Structure formats: structure tokens, C-alpha cells
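Everything quoted here is computed from the prediction, not taken from an experiment.
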Amino acid sequence: MTLPEEGTLRKIATFVAAFGIGVATYIAIADSGGGAPVCLAGGSGCETVANSTYSHLLGVNIAVFGIIGYALLLAASLMRGDEARMGGFVLALIGLGYSVFLTYLELFKIDAICQWCVASAVLMAVLFAVNATRMVGYVGRTA
């Protein structure tokens, strides 16, 4: 099996991380205005999730942490070398783990699904796959 070139993986990660920043920023802006993100397919899942006690950590909307995480992943995608590869992998692993936890909360505690949160979880899963491929396939190689 031939791996995509590292440059291609970095471009994919850059695009996906930038898109993730957009999704998380939309959620944070909706919350800062006292509202909730609008569910594109209708329903009240986004509002239910946004109004739950799980939507904030230490008084800060979870989406703000998402913005920071995606920004760090964006930075890792723009850098070369083993430190960037390992950093991107670790950040994406943490982000994916937290996304899985938040999805669990939506399904089993909040009993509602936010489409924007699902989109963010999918983006984080893609970032994990890309960063894992980049790390495993290219660690130890010159940049």
C-alpha cells in the first residue's frame, strides 16, 4: 500500500482544521449571543445540547476549546518534522477522544443530537486519521 505524500496529508489537515475552526467559531458565536446554533435539518437538538449543563466547562463554552484545538492542529499541519507530526497526532487523539465523550453525552445523557457537534466530531476523526497516517508513515524521515 502506498501512502499519500506527506505534503498531501498536510494540505488535507490544513483544510480540515480550518473548516473545524469555522464550525467551532459558529457554535461559540451562537452561544455568546445567548442562543444556540441553528439545526440545518430542523429540530431542536442543537438548542437542547447548547442549553445543557455539558455545553460549558469552567464557565467557558466547549466550542472555545474546540477553536483552540483546531488552531493548534492547523499550526501542526503547517509545520514540518517529527515534532509537528507527533504534536498533530497527540492533539488529534485528544480531540477525537473528547469528541467521542461529547457524542456519548449527547446520546445517553442529553438525549439530543447537535448537527454542528456531529460535524465537528467527524472533522476531528478525519484529522486523527490524517495525522496518524502522517506520523506512522513519515516519522523519522527528513522534512
- Message: Looking at Trp116, is its backbone amide N or carbonyl O close enough to the side chain of Ser120 to form a donor-acceptor pair, meaning the two atoms are under 3.5 Å apart?
- Response: no
- Message: For a 4.5 angstrom cut-off between non-hydrogen side-chain atoms, does Val49 reach Cys46?
- Response: no
- Message: Do Leu58 and Ile67 sit in one hydrophobic cluster, given that two such residues count as connected whenever their side-chain heavy atoms are within less than 4.5 Å of each other, even indirectly?
- Response: no
- Query: Would a distance-only check, ignoring hydrogens and angles, find a side-chain to backbone donor-acceptor pair under 3.5 Å from Ser77 to Leu74?
  - Reply: yes
- Item | Nearest-0.5 Å distance that lies between atom CE in Met135 and atom CG in Leu9 | 12.5 Å
- Message: Against Asn131, only a single residue in Val136, Leu73, Leu96, Leu93 fulfils side-chain contact (heavy atoms from CB on, under 4.5 Å); can you say which?
- Response: Leu73
- Closest non-hydrogen atom pair, Thr103 against Ala121: OG1-CB, 4.2 Å
- Item | For Val38, side chain to side chain contact (heavy atoms under 4.5 Å, CB included) partners two or more places apart | Tyr26
- Message: Once rounded to the nearest 0.5 Å, what's the spacing between atom CG of Leu127 and atom CZ of Phe89?
- Response: 13.0 Å
- Item | Over all atoms of both residues, closest heavy-atom pair of Asp82 and Val139 | OD1-CA, 3.3 Å
- Query: Taking Ser55 for the side chain and Asn51 for the main chain, is one N or O donor matched with an acceptor at less than 3.5 Å?
  - Reply: no
- Task: Decide whether Ile29 and Leu40 are clustered together by the hydrophobic rule: side chain heavy atoms of Ile, Leu, Val, Met, Phe, Trp, Tyr closer than 4.5 Å, transitively.
- Result: no
- Query: Would Leu72 and Met79 show up in the same hydrophobic cluster when neighbours are defined by side-chain heavy atoms closer than 4.5 Å?
  - Reply: no
- Task: Calculate, to the nearest 0.5 Å, the distance between atoms CG and CG belonging to Leu102 and Leu107 respectively.
- Result: 11.0 Å
- Taking all non-hydrogen atoms of both residues, which atom of Pro37 and which atom of Ala30 are closest, and how far apart? N-CB, 3.6 Å
- Message: Using 0.5 Å steps for rounding, measure from the CG atom of Leu105 to the CD1 atom of Ile110.
- Response: 5.5 Å
- Query: Which residues satisfy the side-chain hydrogen bond (donor to acceptor under 3.5 Å, both in side chains) test with Arg134, sequence neighbours excluded?
  - Reply: Glu6
- Note on the structure: Here the ring-ring contact (aromatic ring centres under 6.0 Å, His included) pairs for residues 55-86, sequence neighbours left out, are none
- Note on the structure: Heavy-atom nearest pair, Leu3 first then Gly137, reads CD1-CA, 3.3 Å
- In sequence, state the C-alpha distance, the side-chain angles, and the governing distance for Ile27 and Asp31, and then conclude on side chain to side chain contact (heavy atoms under 4.5 Å, CB included). CA-CA 6 Å; Ile27 296 169; Asp31 178 71; 5.6 Å; no
- Between Ala28 and Ala63, what is the shortest heavy-atom contact and its length? N-CB, 3.8 Å
- Item | Which atom of Ala13 lies closest to which atom of Val130, heavy atoms considered | CB-CG1, 3.9 Å
- Query: Parallel, tilted or perpendicular: which fits the ring planes of Phe101 and Tyr98, with parallel below 30° and perpendicular above 60°?
  - Reply: tilted
- With a cut-off of 6.0 Å (strictly less than), are more than 12 heavy atoms of other residues, nucleotides or ligands near CD of Glu47? no
